[in-house]
Trainee: 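What follows is a structure written as C-alpha cells; I'll ask about it next.
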Amino acid sequence: MAAIGFIGLGNMGAPMAANLLKAGHHVTGFDILPQARERFAEKGGKVAKDAAAAAAAGEVVMTMLPAGQEVRAVYLGGDGVIARAKAGALLLDCSTIDVESARLVAARAAEAGFEMLDAPVSGGVAGAESASLTFMVGGAAAAFARAEPLLAAMGKTIVPCGPAGNGQAAKICNNLILGVSMIAVCEAFSLAARLGLSAQTLFDVSSRSSGQCWSLSSYCPVPGPVPSSPANRGYKAGFSAAMMLKDLRLAEGAALATSAANPLGAAAANLYQIFVDEGAGASDFSAIYRFLRRESEKS
Ligand code: NAD
C-alpha cells in the first residue's frame, strides 16, 4: 500500500482521499480550511500541519485544488510540493486548471527530478463518492503506469492522453462540447415549447435521430423525459453552472493562446456568465434551460 500526501480536501478531494483510505493506502492530508481537515480526520485520515508536511509524507503527492493559481502556489513556492516532496515521489494533480499552468508545473517538477501527471476528472462529487470518476491523464507512460492502480481506487475510466498538459486539454475540449451542446438542446426544447411541440415528443424524436447527444439523451434539461436528470429535482447540481463557466473560460483562454476558432464556446461562456451573475452559479448547468425559457417569455 502506498503512502500518499493529499492536498486539497474540498468537495472532490475529500471523497477521493476517503476512497484511497478505504483501499488501504496511508493518506496524510492537508487543506487550508480547518473544517476540511476535521472531516478528513473523521474518515480516518492523518492530518498534516501544513502543505509542505503533506508533500513530504508520501511516495505519491496528490492535489485537488480550485484553479491554476492555487496549483502554481502549492507546487512552486519555497515550501511547495516540488521543494518538499521526497526524492522520487510521483506528483499527481487532479485539479481542473489551464493547460499552460499544468505544463509549467510539470516542467519544473521534471527539472527537479520528479515524474508528474495532470489527471483532471469528470464525474462530479457523485462520481468521486462512488469511486467512478473518469481520469484524463497527461504525462509520461512510466508515470502513468505508477499512477494507474491509485487512480483505479478513485475512478472507473482512466484514459492516457499524451504528454504533460494533455489531460487538461482533453478535459476542457470535452466540456466545451458539453457546454455548447447543452445550450443547443435547451434552445431546441425552448423553441419546441413556443411551437406547441411537447418536450416528450421532441425527446422521442431527437433521442433517436441526428440531434441525439448526451445532453439530450442522458441529462435532458427539461423535466420528464429522463427521470434521473437534475431537471427532475429542481436542478440541484450534479455539475454546477459555475463549474461549467470555469471550464468554458479555460477553453476560451486556450483557444486564444493557440489561435483556435472558438465562436460557439465564447457564446456559451457569455450565456453562462450572465446566468451565474444572476446568482444561479450553484444550480446545475442544465438549469440554463430556465434562463432561455425566461428570455423567450420576454418577447
Ligand atoms: P473545492 O473548492 O470544494 O475544493 C478545493 C479545496 O482546496 C478547498 O477545500 C480549499 O480550501 C483547498 N485549497 C485551496 N487552496 C489551498 C492551498 N493553498 N492549500 C491547501 N488547500 C487549499 O473544489 P472542488 O469542487 O473539490 O473542485 C476541485 C477541482 O476539481 C477544481 O479544479 C474543479 O474544477 C475540479 N472539478 C470539480 C468537479 C465538481 O463537480 N465539484 C467536477 C470535476 C472537476
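Order of appearance sets the numbers: ligands from 1, and atoms from 1 within every ligand. We use all heavy atoms of the structure for the numbers below, so side chains are in, but hydrogens, waters and symmetry mates are not.
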Trainee: Would you check if D79 and R84 make a side-chain contact, meaning some heavy-atom pair closer than 4.5 Å?
Mentor: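 Counting from C-beta outward, D79 and R84 do come under 4.5 Å.
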Trainee: Taking NZ, NE, NH1 and NH2 as the nitrogens, is one of them in K43 or E38 under 4.0 Å from a carboxylate oxygen of the other?
Mentor: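 A salt bridge is absent here (no side-chain N lies under 4.0 Å from a carboxylate O).
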Trainee: Please list, in number order, the atoms of ligand 1 under 4.0 Å from a heavy atom of G124.
Mentor: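 With G124 as reference, the close atoms of ligand 1 come out as 40 (O), 42 (C).
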Trainee: Could you pull out the closest heavy-atom pair between S215 and P221, with the gap in Å?
Mentor: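 Answer, listing the atom of S215 first, then P221: O-CD, 3.6 Å.
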Trainee: Heavy atom under 4.0 Å from ligand 1: found in T96's side chain, backbone, both, or neither?
Mentor: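 Answer for T96: both.
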Trainee: Consider ligand 1: state whether an atom of it lies below 4.0 angstrom from any non-hydrogen atom of P66.
Mentor: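 Distance cut 4.0 Å: P66 passes for ligand 1.
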Trainee: For ligand 1, which part of D247 has a heavy atom less than 4.0 Å away: the side chain, the backbone, both, or neither?
Mentor: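 Under 4.0 Å from ligand 1, D247 contributes no heavy atoms.
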Trainee: Starting from atom 29 (C) of ligand 1, which protein heavy atom do you reach first, and at what distance in Å?
Mentor: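 Closest protein heavy atom to atom 29 (C) of ligand 1: L65 O, 3.3 Å.
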Trainee: Hey, does S122 come in under 3.5 Å of ligand 1, counting only N/O atoms on both sides?
Mentor: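 No, since none of the N or O atoms of S122 sits under 3.5 Å from an N or O of ligand 1.
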Trainee: Relative to ligand 1, is E70 under 4.0 angstrom through side chain, backbone, both or neither, heavy atoms considered?
Mentor: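 Just the side chain.
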Trainee: At a 4.0 Å threshold, what atoms of ligand 1 neighbour a non-hydrogen atom of L33?
Mentor: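 The list of qualifying atoms is 11 (O).
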Trainee: Closer than 4.0 Å to some heavy atom of K171 - which atoms of ligand 1 meet that?
Mentor: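 Those qualifying, in numeric order: 43 (C), 44 (C).
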Trainee: Give a yes or no on this: more than 12 heavy atoms of other residues, nucleotides or ligands lie within 6.0 Å of atom CD of E100.
Mentor: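 Atom CD in E100 is not crowded, with 12 or fewer foreign heavy atoms closer than 6.0 Å.
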Trainee: At their closest point, which heavy atom of D118 faces which heavy atom of G167, and how far apart are they?
Mentor: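 The answer is OD2-N, 2.9 Å.
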Trainee: With under 30° as parallel and over 60° as perpendicular, where do the rings of Y219 and W214 fit, or are they tilted in between?
Mentor: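 Geometry flag for W214 against Y219: parallel rings.
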Trainee: Among V125, V71, I32, whose heavy atom sits nearest atom 19 (N) of ligand 1?
Mentor: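 Residue with the shortest heavy-atom distance to the ligand atom: I32.
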Trainee: What protein heavy atom sits nearest atom 39 (C) of ligand 1, and how far away is it?
Mentor: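 For this ligand atom, the closest protein heavy atom is M12 SD, 3.6 Å.
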Trainee: Is D284 salt-bridged to K236, cutoff N-O under 4.0 Å?
Mentor: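 Salt bridge: no.
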Trainee: Taking CD in Q69 as the centre, count heavy atoms belonging to other residues, nucleotides or ligands within less than 6.0 Å. Is the count above 12?
Mentor: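 Check fails, neighbour count at 12 or below.
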Trainee: Does F291 belong to the same Ile/Leu/Val/Met/Phe/Trp/Tyr cluster as V185, with side-chain heavy atoms less than 4.5 Å apart forming each link?
Mentor: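 Different clusters.
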Trainee: If you measure from atom 34 (O) of ligand 1 to every heavy atom of R39, R37, K246, which option wins on shortest distance?
Mentor: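 Going through R39, R37, K246 one by one, K246 has the nearest heavy atom to atom 34 (O) of ligand 1.
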Trainee: Mind checking whether V60 and L20 sit in one hydrophobic cluster, side chains of I, L, V, M, F, W, Y counted as touching below 4.5 Å?
Mentor: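 Shared cluster, yes.
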Trainee: Give the residue and atom name of whichever protein heavy atom lies nearest to atom 11 (O) of ligand 1, and the separation in Å to one decimal.
Mentor: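 For atom 11 (O) of ligand 1, the nearest protein heavy atom is D31 OD1, 2.7 Å.
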Trainee: Considering non-hydrogen atoms of the protein only, which is the closest contact for atom 30 (O) of ligand 1, and what is the distance?
Mentor: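 Nearest neighbour among protein heavy atoms for atom 30 (O) of ligand 1, to 0.1 Å: M64 CE, 3.1 Å.
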Trainee: Give me the residue, atom name and distance of the protein heavy atom closest to atom 3 (O) of ligand 1.
Mentor: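 The answer is N11 N, 2.9 Å.
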Trainee: Among protein heavy atoms, which lies nearest atom 18 (N) of ligand 1, and at what distance?
Mentor: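 The answer is V74 CG2, 3.4 Å.
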Trainee: Can you tell me which residue and heavy atom of the protein come closest to atom 4 (O) of ligand 1, and the distance to 0.1 Å?
Mentor: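 Looking at atom 4 (O) of ligand 1, the protein heavy atom closest to it is G10 CA, 3.3 Å.
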Trainee: Could you tell me whether R294 and E278 have a side-chain N and a carboxylate O separated by less than 4.0 Å?
Mentor: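 Salt bridge present between R294 and E278.
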Trainee: Look at atom 32 (O) of ligand 1 and say whether a protein heavy atom is found at less than 4.0 angstrom from it.
Mentor: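 Flag for atom 32 (O) of ligand 1 set to true, protein heavy atom closer than 4.0 Å.
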Trainee: Should the pair R146-E115 be classified as a salt bridge under the 4.0 Å nitrogen-to-oxygen rule?
Mentor: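 A salt bridge links R146 with E115.
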Trainee: Would you check the N or O atoms of A67, main chain and side chain alike, for any that come under 3.5 Å of an N or O of ligand 1?
Mentor: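 No.
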